Every structure is written in C-alpha cells, then in structure tokens.
Amino acid sequence: MDISTNPEMADAAPAPHQPPEIFRKDYTPPAWLIPEVSLDFALDDTRTKVTSVLKVTRNPAADTDPNLRLNGDGLEAVSILVDGAADNSWTMDGGDLLISLPGEKHEITIVTEINPSENTQLMGLFASGGMLCTQCEAEGFRRITFFPDRPDVLSVYTVRMAGSKAKFPILLANGNNTASGENADGTHWAEWHDPWPKPSYLFALVAGDLVANSDSFTTMNGRKVELNIWVREGDEGRTQHAMDSLIRSMKWDEETFGREYDLDLFNIVAVSDFNMGAMENKGLNIFNTKYILADPDTATDGDFDGVEGVVAHEYFHNWSGNRVTCRDWFQLSLKEGFTVLRDQLFSQDMGSEPVKRIEDVRILRLAQFPEDSGPLAHPIRPDSFREISNFYTSTIYNKGAEVIRMMRTMCGEEAFRKGCDLYFERHDGDAATCEDFVSAIEDGAGIDLTQFRRWYSQAGTPKVSIRLEHSGQTAQLHMKQQVPATPGQPDKAPMPIPLKIALFDRTTGKHYGEHLVTLSDAEATLSFDGFTQPPVLSVNRGFSAPISVEREMTNEDLVFLAARDDDPFARYEAMQDLVVGYLVAASGGGLSDADRTSARASIGEAFGAILSDEALDDEMRGELMILPSQTYIAEQSVPADPAAIHDEREGLKAWLGAQFTDELMAMHQRASAVPYSMKPEARGARKLKTQGLIYLSSADPVHGAKLAKKQFDEADNMTDRQGALMVLCGLDQPQREEALAAFHKRYDGNALAIDKWFALQASSLHPDALKHVKALAEHPDFTMTNPNRVRSLYMAFAGNPQGYHGSDGAGYELIGDVILALDPINAQTAARFVPALGKWRKFEPKRSAMMKAQLERIMKADKLSRDTLEQVTRSLG
Ligand code: B3K
Ligand code: ZN
C-alpha cells in the first residue's frame with residue numbers, strides 16, 4: 001500500500017532512514033593494499049570512460065578477508081577482470097563492489113562510465129566552464145571508479161587521458177608529465193606519473209582550454225621547480241599575486257619548518273564552480289577562482305589576503321597532509337588544524353602579526369564558538385559521523401589550529417619546531433593519527449602532554465572566570481575553569497589552559513613582565529607580590545587559549561587597557577569587552593539611564609584614545625575601531641533578541657559617529673590622500689576610510705551617503721569601492737541604487753565582482769534586505785548551480801543579523817526553501833546552510849520556534865541527502 005494514501009500512516013511517517021553512523025573506535029586496517037594504480041580516461045563531456053588497473057596485495061598487518069571492498073557511489077561497472085579474465089565472483093553491497101580473491105596478489109581491471117556534465121554535486125569528475133576537473137576529498141574518488149576510497153590506502157598513480165585537442169588542449173594530472181602525443185582523429189593524449197604514494201582523495205585531473213602564468217622556484221637543495229597557475233584565457237593578468245604568494249610560501253616553509261618541495265613541477269588550476277576554497281591534490285592544486293584571481297580593480301585587501309593565505313595553506317599541505325596523511329577521517333584535524341596554524345603563522349610573518357592574530361580570533365568567535373555551543377558541537381577529533389563532508393568545520397580547522405598553537409606556546413617556538421621535525425621524520429609516507437602528532441611533539445619538544453590530550457577529546461569552549469583580589473602588597477589571581485556540556489558529553493574534565501598574563505601598575509601605566517601560567521585544575525589561585533595598589537589585569541594576551549574569559553573588571557580598567565595595553569590583542573580585547581558588556585546589558589533591558597550614560601562615556605573615552613593615538617599604525621587603528629559583531633553579542637546573551645541587539649548596536653554606532661564627527665571626518669580626509677599601494681600604511685588608510693564611513697553614515701545618513709558616494713565614485717581600487725558600496729547598501733538613500741547600478745555595469749561578466757554585488761545587498765543592514773534577496777534570486781545573473789553565487793546571495797543573507805532574523809520568520813523560511821531546493825543539486829553546499837537554523841535554541845522563544853519549525857519541515861521532505869539529513873537530525877536532537 002502506498003503510505004501516502006493512508007492519512008493515519010502518513011501522520012505517523014517514520015523518521016527518514018538514517019545512514020549508518022561510523023565510529024572512530026571501530027577503525028581496522030584495510031585487508032588489501034593497492035601499491036599501484038593505472039587509470040585511463042577517455043574524456044568526454046557527457047560520457048567519460050574510465051579504465052582502472054589495480055595491483056592489489058593482501059595487507060599482512062590486517063585480518064584475513066577474502067573480500068576486496070572497492071567503494072563506489074552511483075557507479076556501475078561496465079566490465080570487471082581479475083588477473084586478465086572475466087570475473088563473476090563479485091557482489092554489490094550498496095554502492096560498493098566486493099570481489100572475492102583467492103590469492104595474495106592480483107590485478108583487477110575495471111571499466112566505468114561517468115557523465116561529468118550532469119555532476120552538479122561537484123564531487124568526482126565534473127564539468128566547469130567548458131573544462132573537466134576533479135574533486136576527490138573526502139569521498140569523491142568513488143564517483144569516478146571503484147576503489148578503496150579511504151585515506152590509509154596509499155598508491156603510486158599513473159594516469160593516461162585522451163580527448164579532443166580543440167576542446168581540451170591542456171591535460172593535467174598529479175606528478176610529472178611523462179609522455180604525450182596526438183592522434184590522427186583530432187584527439188590527443190598525455191600520460192602523468194606521480195612517484196609519491198598517495199591516498200585516492202589526493203588524485204586530480206584537469207582537461208581544458210587554459211593558459212598559464214609560469215615561473216620557477218629553486219629549492220634549498222637546488223631543485224628547480226616549474227610553477228604554473230592555469231586559468232581561463234583573459235584571467236592571466238590577475239594571477240600574479242597568487243604566484244608571488246606561492247613563491248613566498250615555498251621559501252617560508254623551508255625557512256620556518258625546514259620543508260622542501262619534492263617534485264619538479266607544481267601546477268595550480270583555477271575553476272569557477274567549486275564547493276570550497278581549494279584542494280591540495282599532489283602537485284596539482286585545484287582552486288576556486290576566488291582564491292587565485294586578484295588585482296586592485298577587482299579584489300579588496302581582504303581578498304588579496306585570502307589568496308595569499310589559501311595558496312599558502314594548500315602548498316603547506318604538501319607536507320602536512322600529503323607526505324604525512326591521515327589514517328582515517330576522524331584524524332582530519334591532524335592535517336587541517338596543523339595546516340591552518342602553518343598558514344596563519346605565514347600570514348603573520350608576511351603582514352601585520354597583531355592584525356592577523358585579531359582577524360583569526362574574530363573568525364574563531366564568529367564561526368567556531370557558535371559550533372561549540374550548539375547542537376553540532378564536536379571535538380577536534382570527532383568520535384563518530386555519518387557524512388564526513390559535514391565535518392569540514394571551523395572546529396576541525398580553526399580550533400584545531402588553536403590547539404596546536406597552544407602546544408607551541410607551552411613548549412616554545414624552538415622546541416615546537418623540534419617536535420614538528422620529529423613528526424615529519426617519524427611519519428613521512430604514513431597515514432598518521434592525531435595521537436602520533438601529540439606524541440611526536442611530546443618527544444621532540446620534551447614536554448608532557450598527557451592532560452593536554454583532553455583538548456582532542458572534549459568539545460565545548462571552556463569558560464574561565466578570573467577575579468583579582470588585592471590586599472597589602474599582594475595581588476591574588478583566582479581562576480576557575482568550566483568546560484560546558486555538549487551533545488554526548490555531559491561531564492568534562494579540566495583541561496590545561498595556557499594563559500599569558502600581565503599586571504599593570506595603574507600609576508605608571510607599565511607592567512613588570514608577562515607570565516605564562518597554565519590553569520590545569522578546575523580552580524587555582526596565584527599570588528603576585530609588590531603591588532601597593534591593585535594592579536590592572538591583562539589576561540589571555542595574544543589569545544593564548546581558545547576560551548571565553550569572564551573577568552570582573554570595571555569599565556575604568558577596560559578603558560585603561562584599551563588605551564595602552566602593549567599586547568595588541570589584549571588592547572583589542574579590552575575594547576571589545578567594553579562594548580560587549582554594554583550591548584549585552586542594554587539589549588537585555590538591564591541598564592539604567594545612568595549606567596547607559598556612564599558606559600557610553602567609557603566607550604567614547606577608549607574610542608577617542610584609539611582615534612588619536614599617534615603611536616598606533618592605521619591597520620591596527622582600523623581593527624580597534626571595529627565593533628563586535630552582532631553574532632558574537634548574540635552568543636553572549638542567550639536567549640538573544642536580534643532586534644534589540646541590532647537597535648542597541650546601531651544606536652552605539654550613531655552615538656560614536658556623532659560624538660566624533662570632526663575626528664572621523666579628518667581621519668577620512670587624511671586617509672583619502674594616501675595613494676593606492678599594497679604598503680601597510682596604504683592598506684591601513686583604506687581600512688580607516690571605510691570604518692570612518694560606517695560611523696559617519698550611522699550618525700547622519702544623508703551626509704554619510706554623500707561621502708560614501710564620493711568615495712565610491714573616486715575609488716581607484718576595489719577596497720574603497722566595495723567599502724563605500726557596503727555602507728550605501730545599508731542606507732535608504734538615492735545614492736544606493738545609483739552606485740549598485742554603476743557597480744554592476746562596470747563589472748558585468750566578472751563573476752567574482754558580481755558575487756560581491758549580490759553579497760553586499762544580501763548582507764546589508766537595509767530594512768528591506770529580505771525583499772532585495774528575493775528579487776535578486778530572479779536576477780538573470782543568479783544561478784543555483786554555482787556555489788560561489790549561491791553563497792554570495794544566500795549565505796550572506798543567512799549571516800545578515802537583521803534581515804535573516806526578521807520577526808515574522810520569513811528569513812528562516814527562505815533559508816528552509818534554499819536548503820530544500822539546493823539539496824538535490826549540491827548536497828554539500830545545502831547542508832552548510834543548516835547551522836543557520838540549527839542555532840534555534842539560542843534565540844528568544846518566538847524566533848526559536850520558527851527556526852525549529854523550518855528544520856522540522858525540511859525533515860519531512862521526501863528525499864534528503866545524507867549531508868542534509870545528518871545536519872538537520874543533529875540540529876533537532
Ligand atoms: N582539504 C580541502 C578541503 C576538502 C573539503 C572536502 N569537503 C581543502 C583544504 O582544507 O585545504
Ligand atoms: Zn586544508
């Protein structure tokens with residue numbers, strides 16, 4: 001009987017079938033190894049034939065299992081040969097192919113056929129803008145051919161591909177190009193060999209009409225490496241920054257980590273349809289165009305930094321990820337956390353160290369803290385998953401990096417380097433675990449990390465309460481830690497928390513040295529002598545631990561630190577605390593008029609000190625001026641009322657803008673006189689210009705719109721142009737439409753710039769943002785099949801603290817619609833929208849119920865991908 005025809009049964013519809021949960025504790029080594037693979041691709045847009053020859057051998061380190069399990073996803077074998085003969089000993093288990101093998105060594109030949117043009121999931125082999133390319137991490141290789149698609153099976157690959165020379169003049173794969181040739185029928189072929197054994201997730205192939213920006217790099221041992229950045233014709237003029245970044249990364253990794261590149265060739269290809277930022281395939285990185293293409297006219301300073309950071313990140317994976325890979329996907333942070341740390345340290349060295357540190361903490365707080373305090377919380381080494389794509393999270397990446405950074409802080413840079421050297425030496429060529437990494441740091445650096453390992457197993461952002469008591473000559477620091485309960489982890493043990501602290505003398509404005517203290521127990525008290533009056537405490541300097549600090553501190557002391565702390569992060573933090581404290585209290589309705597006046601006066605005092613401090617560089621000044629995000633304030637005020645937070649935050653901006661109009665105008669004028677360059681002072685000036693506009697337009701929208709339009713019209717670079725347009729987008733002034741039209745006209749056809757045009761409108765503070773988003777979805781430039789475009793409209797909107805949280809719930813409904821519409825097209829991207837609804841428990845009851853109702857609606861859909869189903873289930877659970 002059809003269940004839908006029986007109303008009673010329809011009501012009691014069972015929960016959708018859940019894919020199996022996979023547990024870290026169940027890991028077993030593969031029964032069969034594949035030392036060598038040969039792949040042959042007959043390339044075609046709609047019918048690519050893949051012939052795979054696998055040399056398989058029994059794994060002596062595993063239990064005997066006659067079955068060779070070859071993972072497949074949506075594949076059908078056209079033919080299967082075992083040792084050259086047709087074979088019928090195979091069976092299917094779901095999408096997987098099982099072949100029963102009698103001996104110790106066999107050769108398996110399998111032919112599959114795939115359709116890259118229909119592949120809207122962008123996993124496996126897919127078509128993008130006329131070219132064919134691959135994405136295999138984590139489990140995309142099984143969409144190309146049957147294979148043990150797990151990271152602990154390492155093979156040497158030889159790849160041959162053939163296809164139309166006119167359509168695919170450039171044929172690339174991992175490793176080195178060993179042979180190529182032409183056929184009489186207009187096709188050509190190329191053969192590639194990668195000498196380094198690698199897991200299937202690092203396989204890559206690209207075929208297309210591409211042009212290269214080429215250069216070379218000579219390694220520390222004199223190996224000359226050919227470097228190519230491949231893009232579509234016309235884009236090559238925007239690749240130089242990526243090339244410079246690559247060369248700087250190669251040099252930096254030699255100097256800082258002693259890591260040298262290991263092939264004669266390094267190729268990067270930029271594609272416009274890509275689920276994420278980039279992919280570190282061995283010798284053939286594939287990038288989202290967003291992280292390759294940059295010039296002053298089309299890319300902001302932030303975009304330039306993004307290119308530099310991602311190019312470095314992917315390059316650094318060559319050691320932290322490729323030479324030493326992961327045993328299983330539970331170890332993802334082994335490569336991702338470590339590589340994020342490496343790219344952060346690189347970017348710190350390339351530009352302003354404090355500004356980079358503040359930016360990284362801001363990302364952590366915006367993306368990771370909400371994960372840690374919500375239904376999707378998981379440790380940096382998860383214990384289970386249903387769909388690994390859902391675990392490419394800020395927790396794995398950003399908190400993973402913070403955890404390794406803490407080890408570095410605790411053992412010191414030199415000892416940390418020794419630990420890293422030992423890790424690479426011990427595990428080169430291995431599929432390793434997080435435990436292997438921690439042990440290598442322990443042994444190499446000579447440090448005991450027994451208790452520290454809890455950072456790998458416990459989820460949740462620790463809260464540390466700090467109180468300073470003073471009597472006589474002694475200051476006592478009372479510290480208490482609490483690691484909150486998270487799903488599946490109700491009870492937590494204390495973790496070692498390294499805290500850099502300094503105690504300032506409030507008369508001299510100086511401190512007597514920084515201390516590194518480690519809070520290992522639930523509570524501890526430390527005494528410091530020699531203070532005749534209570535010192536001012538500066539704590540978690542440099543953000544030495546990824547925790548949230550609750551410190552009992554007067555506004556007066558916060559102003560003191562915001563104006564003069566010599567640790568730039570602590571100075572920023574004092575300013576943030578001052579504002580967060582005010583906005584949380586004000587939006588919660590718990591502030592008397594007198595308290596409001598006095599808190600604003602303190603914020604004004606600190607803000608004034610920041611504007612006028614001549615010792616500050618402008619990049620840092622701009623950083624200190626940025627108010628804490630609405631999302632961060634909402635996190636601090638559960639249950640949050642987004643409308644109240646918005647009103648208070650806007651009120652404070654307008655108040656500061658009015659109080660400091662003259663200073664901000666003078667600052668804007670001074671900054672506008674600095675000519676465009678990539679020098680820090682010019683970048684700082686650009687940051688100040690837009691920060692100035694933000695406050696001035698808040699205080700006086702009519703005047704602000706004029707000033708913003710002037711900045712927009714006179715801009716000779718994207719940073720100024722986008723900054724001005726961002727401000728204009730939030731204003732209900734006539735200049736808004738004029739500037740939007742001019743921007744679209746100027747950049748018509750430039751996908752990355754048009755993405756900005758969508759994103760600025762979708763994230764704007766304009767009261768009609770939702771209406772704008774709905775209209776933009778109908779714009780001819782909008783498409784659901786390009787992830788960048790989808791993100792620029794809908795992800796920007798889901799992060800819009802005002803529009804998304806409209807009191808009628810229409811924003812939630814829109815995101816619910818997007819998830820349902822996108823799920824069959826691109827499940828990975830669809831699932832990324834679920835956390836926007838999944839934070840329902842943090843909001844006031846009315847909004848909370850409406851967000852939850854959207855999750856329940858999605859849950860009822862006929863068919864959901866594994867990705868979305870897992871995220872919705874966890875979010876409701
Ligand atoms: N390792 C890739 C991410 C792959 C994501 C798969 N869903 C990029 C990176 O982290 O460098
Ligand atoms: Zn990575």
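All ligand and atom numbering here is 1-based and tracks the order in the structure. Values in this document were obtained by computation on a predicted structure and should not be read as measured data.
The atom of Glu336 that is an N, O or S and sits closest to the Zn ion (ligand 2) is OE1.
In this structure, Arg143 is not positioned above the aromatic face of Phe141 in the sense of NZ or CZ being under 6.0 Å from the six-membered ring centre and within 45° of the axis.
The one candidate from Thr298, Ile292, Val307 that meets the side chain to side chain contact (heavy atoms under 4.5 Å, CB included) condition with Arg238 is Thr298. Of the candidates Asp262, Asn176, Val156, Asn176 is the only one forming a side chain to side chain contact (heavy atoms under 4.5 Å, CB included) with Pro195. In summary, of the residues considered (Phe385, Tyr201, Phe391), a ring pair (Phe, Tyr, Trp, His ring centres under 6.0 Å) with Trp329 occurs for Tyr201 alone.
Around ligand 1 you find Glu137, Met276, Ala278, Met279, Glu280, His313, Glu314, His317, Lys335, Glu336, Tyr392, Tyr397, Gln828, each with a heavy-atom distance below 4.0 Å.
Applying the salt bridge (Lys or Arg N to Asp or Glu O under 4.0 Å) definition to pairs two or more places apart or across chains, those involving residues 386-396 are Glu21-Arg386, Glu387-Arg866.
Checked for salt-bridge contact, Lys335 and Glu137 meet the test: a charged N lies under 4.0 Å from a carboxylate O.
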